[in-house]
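Data block below; observations after.
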Amino acid sequence: MSRFIHDDFMLTNEAARSLYHENAEGLPIIDYHCHLNPQQIAEDIRFRDISDLWLSGDHYKWRALRANGVAEKYVTGDAPAWEKFEKWAETVPYTMRNPLYHWTHIELMRTFGIEKTLSPATAREIFEECNSMLAQPGFSAKGLIRKFNVEAICTTDDPVDDLRWHKKIAEEPFGTKVLPTWRPDKAIAIENPAAYKDYVEKLGEAADMEIRTYSDMVEALRKRHLYFEMAGCRLSDHGLDTFHAADYTESEIEAIFSKVMSGQAPDAEELEKFRSAGLHDLAVMDAESGWAQQFHMGVIRNNRSSLMRSFGPDAGTDSILDLQCAEAGNRFFDRLDSEGKLAKTILYCLNPKDVETVITMAYNFNDGSIPGKMQYGSGWWFLDQEDGMRKQMNALSVLGLLPRFVGMLTDSRSFVSYTRHEYFRRILCDLIGADIENGKLPSGEMERISQMVKDISYYNAKNYFNF
């Protein structure tokens, strides 16, 4: 029986096979947005078993397990490792045509060299084989990163984080840069006054200053921004429902800050004004430091209250949010552009209805200073699968410049998700290869097309982020 994950997997034409094997396949990985735990990297942790590595934090798999009728104790509960793996093996055959089916078997093949498909019939054998390999040298956190030829990793970090694990990694280099990413969402999250006051106190402690006013808070953030920069940070990231660009005055923002710090909840208008001010001031910091800023929009999180109470956030109960983003987004970027404070920017949106909207928004503000300065990012979360990637690249090709695209990221908490880059590169080469085969791109321009594949797969990110 032929292998499922074979050399030409997803490469459906000769041009695609040539582009992938001769250009994309061997390039290093730059994972410029993920949620790996830097402490786990610094301590070079070893995984107890394949369930620990594969199932302990993967909300994609958790959603599939629940949909297949699997009880929560086998998902986020305390069931034994083998029983959790067995339930996943029972679920995998039902994931056919879901990206999890491809991801599962690519990860087995690339991580462990296992060619069998996972099912109840093969579960015990694969479980034991994976566990045996995980006990060997080369399968620790750093070993897995090396295995996938990862050149740089950007984690996701709060301004109050001390970054000690990043510093430890830098002091004990292992061949991969591990850099922090500035994620200041909590600095403008004033919906819960008690939680916000607690956060502001932590920010003041981290910045070694007392925060009494909004202006003080901005100064504290600036100090932490510089601290992150000294630790190698070159990117910020914001998780938004949509953009915020209301009119406001400094006195209004100071009054709102004072109100919230006194324990009073803001009304809807105050919340919008404060978010608008905070996002603007944070974006100015990025521009002044020469960073790239990322905006992830269009998600509504933690929707299942019973699981939120029993497990907490990030349990796999998030979904696409349907809000308008065009008017506020254009106003937000126009103000920054008018002030000469618009940083390199990558936009992501979880709602597929907004793909073209967000691409055209980004391209309004390219100013000729940097190739691809404003651009639309890779298919994200529910859209980082074949259909979503193809739609993202097709829309970007029609409305922008695909050759300037900075390519794929994992957005993952897993040390084996680097196969997502391979998956993306295969889809990219198949997409472009089909155009060559169909006469939509000239076969006489293979040198230029080959360079485009290399750039999207690796070089654009390396140059854009100055790694």
Can you check whether I5's main-chain N or O pairs, donor with acceptor, with R3's side chain at less than 3.5 Å?
yes
Check whether any side-chain N or O of H244 sits under 3.5 Å from a backbone N or O of T242 as a donor-acceptor pair, and report yes or no.
yes
Assess whether side-chain contact (heavy atoms from CB on, under 4.5 Å) is satisfied between F332 and S276, documenting all intermediate values.
CA-CA 8 Å; F332 175 72; S276 301; over 6 Å; no
With the threshold set at 4.0 Å, does a side-chain nitrogen-carboxylate oxygen contact exist between R124 and E128?
yes
Looking only at heavy atoms, which two atoms of L108 and C130 are closest? And how far apart?
CD2-SG, 4.0 Å
Heavy-atom distance under 4.5 Å between the side chains of F243 and N330, does that happen here?
no
Name all residues meeting the ring pair (Phe, Tyr, Trp, His ring centres under 6.0 Å) criterion together with F311; count only those two or more places apart in sequence or in a different chain, and write none if there are none.
W62
Could you give the side-chain donor-acceptor pairs of residues 134-145 under 3.5 Å, partners two or more places apart or in another chain?
{"residue": "S140", "atom": "OG", "partner": "D44", "partner atom": "OD1", "Å": "2.7"}
{"residue": "S140", "atom": "OG", "partner": "D44", "partner atom": "OD2", "Å": "3.2"}
{"residue": "S140", "atom": "OG", "partner": "G143", "partner atom": "N", "Å": "3.2"}

Extract all donor-acceptor atom pairs below 3.5 Å that involve side chains of residues 73-88 and protein atoms in other chains or at least two apart in sequence.
{"residue": "T76", "atom": "OG1", "partner": "E72", "partner atom": "OE2", "Å": "2.7"}
{"residue": "K84", "atom": "NZ", "partner": "G77", "partner atom": "O", "Å": "2.6"}

Ring-ring centroid check Y20 F9, cutoff 6.0 Å
no
Would you tell me whether S412 and S417 have side-chain atoms, one donor and one acceptor, within less than 3.5 Å of each other?
yes
Could you walk me through whether W380 and H33 satisfy the ring pair (Phe, Tyr, Trp, His ring centres under 6.0 Å) test, starting with their C-alpha distance in whole Å, then the side-chain angles of each, then the deciding distance to 0.1 Å, before giving a yes or no?
CA-CA 11 Å; W380 166 51; H33 175 68; 8.1 Å; no
Atom CG in N149, atom NE2 in H421: separation rounded to 0.5 Å?
11.5 Å
Measure the shortest side-chain to side-chain distance between H166 and V178 over non-hydrogen atoms and say whether it is less than 4.5 angstrom.
yes
Using 4.0 Å as the upper bound for N to carboxylate O, is an ion pair formed by K202 and D158?
no
Does the side chain of V358 reach to within under 4.5 Å of the side chain of M297, using non-hydrogen atoms?
yes
So side-chain hydrogen bond (donor to acceptor under 3.5 Å, both in side chains) across residues 388-409, not counting sequence neighbours, yields E386-R390, D387-K391, R390-D430
Looking at L27, is its backbone amide N or carbonyl O close enough to the side chain of R425 to form a donor-acceptor pair, meaning the two atoms are under 3.5 Å apart?
yes
Rounded to the nearest 0.5 Å, what separates atom CZ in F274 from atom CD in E191?
10.5 Å
Distance (rounded to the nearest 0.5 Å) between N98 CG and R63 CZ:
10.0 Å
So, is the end of the R224 side chain (NZ or CZ) under 6.0 Å from the ring centre of Y227 and within 45° of the ring's axis?
yes
Taking the ring centre of each residue, are W381 and H296 less than 6.0 Å apart?
no
Does the side chain of Q264 reach to within under 4.5 Å of the side chain of E270, using non-hydrogen atoms?
no
Can you measure from CD1 (I300) to CG (N351) and round to the nearest 0.5 angstrom?
12.0 Å
Just how far is it from atom CD of E229 to atom CZ of R234, taken to the nearest 0.5 Å?
5.5 Å
List the atom pairs, donor and acceptor, that lie under 3.5 Å between side-chain atoms in residues 454-467 and the rest of the protein, sequence neighbours left out.
{"residue": "D455", "atom": "OD1", "partner": "Q451", "partner atom": "NE2", "Å": "2.8"}
{"residue": "S457", "atom": "OG", "partner": "V453", "partner atom": "O", "Å": "2.8"}
{"residue": "Y458", "atom": "OH", "partner": "E151", "partner atom": "OE1", "Å": "2.6"}
{"residue": "Y458", "atom": "OH", "partner": "E151", "partner atom": "OE2", "Å": "3.1"}
{"residue": "N460", "atom": "ND2", "partner": "P403", "partner atom": "O", "Å": "2.8"}
{"residue": "N460", "atom": "ND2", "partner": "F405", "partner atom": "O", "Å": "2.9"}
{"residue": "K462", "atom": "NZ", "partner": "E151", "partner atom": "OE2", "Å": "2.8"}
{"residue": "N463", "atom": "ND2", "partner": "Y459", "partner atom": "O", "Å": "3.2"}
{"residue": "Y464", "atom": "OH", "partner": "T345", "partner atom": "N", "Å": "3.2"}
{"residue": "Y464", "atom": "OH", "partner": "K373", "partner atom": "O", "Å": "2.8"}

Does D322 come within less than 4.0 Å of K353, counting only side-chain N to carboxylate O?
yes
Heavy-atom closest contact (L203 atom, A220 atom, distance)
CG-CB, 4.1 Å
Validation row: R301, L321 side chains within 4.5 angstrom (heavy atoms):
no
If you take all heavy atoms of L307 and A315, which pair is closest and at what distance?
CD2-CB, 3.7 Å
What closest approach, in Å, do S319 and N303 show between heavy atoms, and which atom pair accounts for it?
OG-ND2, 3.6 Å
Establish, from distance only, whether the side-chain atoms of T181 and D237 form a donor-acceptor pair under 3.5 Å.
no
Spell out, as yes or no, whether a donor-acceptor pair under 3.5 Å connects the side chain of Y363 to the backbone of L401.
yes
Counting C-beta onward and ignoring hydrogens, is there a side-chain heavy-atom pair between P184 and H238 closer than 4.5 Å?
yes
Side-chain donor-acceptor pairs of residues 169-176 under 3.5 Å, sequence neighbours excluded:
{"residue": "E172", "atom": "OE2", "partner": "K168", "partner atom": "NZ", "Å": "3.3"}
{"residue": "T176", "atom": "OG1", "partner": "V150", "partner atom": "O", "Å": "2.6"}

Under the 3.5 angstrom rule, does the side chain of S132 hit a backbone N or O of E129 as a donor-acceptor pair?
no
Quick check: does any side chain N or O of Y32 sit under 3.5 Å from a backbone N or O of G407, one acting as donor and the other as acceptor?
yes
Backbone N/O of A64 and side chain of N68: donor-acceptor pair under 3.5 Å:
no
Without swapping roles, check the side chain of D161 against the backbone of L163 for a donor-acceptor pair under 3.5 Å.
no
Identify the heavy atoms of G232 and L179 that sit nearest to each other, and give their distance.
O-CD1, 3.6 Å
Nearest 0.5 Å please: distance from the CG atom of L100 over to the NZ atom of K61.
6.5 Å
Testing F148, W54, F47 for ring pair (Phe, Tyr, Trp, His ring centres under 6.0 Å) with F415, which one passes?
F47
Side-chain (N302) to main-chain (M308) donor-acceptor, under 3.5 angstrom
no
Assess the residue pair F112 and I50 against the criterion (side-chain contact (heavy atoms from CB on, under 4.5 Å)); give the C-alpha distance rounded to whole Å, side-chain angles, the decisive distance to 0.1 Å, and a yes or no.
CA-CA 11 Å; F112 303 103; I50 182 61; 3.8 Å; yes
Run the side-chain contact (heavy atoms from CB on, under 4.5 Å) check on M10 and I106 step by step: do they pass?
CA-CA 12 Å; M10 299 192 79; I106 296 174; 5.7 Å; no
Heavy-atom count around Q324 CD within 6.0 Å, excluding the residue itself: above 12?
no
On a heavy-atom basis, the closest approach of C325 and T357 is SG-CG2, 4.2 Å
Could you tell me whether the side chain of Q293 and the main chain of D286 form a donor-acceptor pair under 3.5 Å?
no
F424 versus M393: any side-chain heavy-atom pair under 4.5 Å?
yes
Are the side chains of L240 and L279 in touch, meaning some heavy atoms are under 4.5 Å apart?
yes
Take D162 and K167 through the side-chain contact (heavy atoms from CB on, under 4.5 Å) test and state the conclusion after the steps.
CA-CA 9 Å; D162 60 16; K167 294 175 182 177; over 6 Å; no
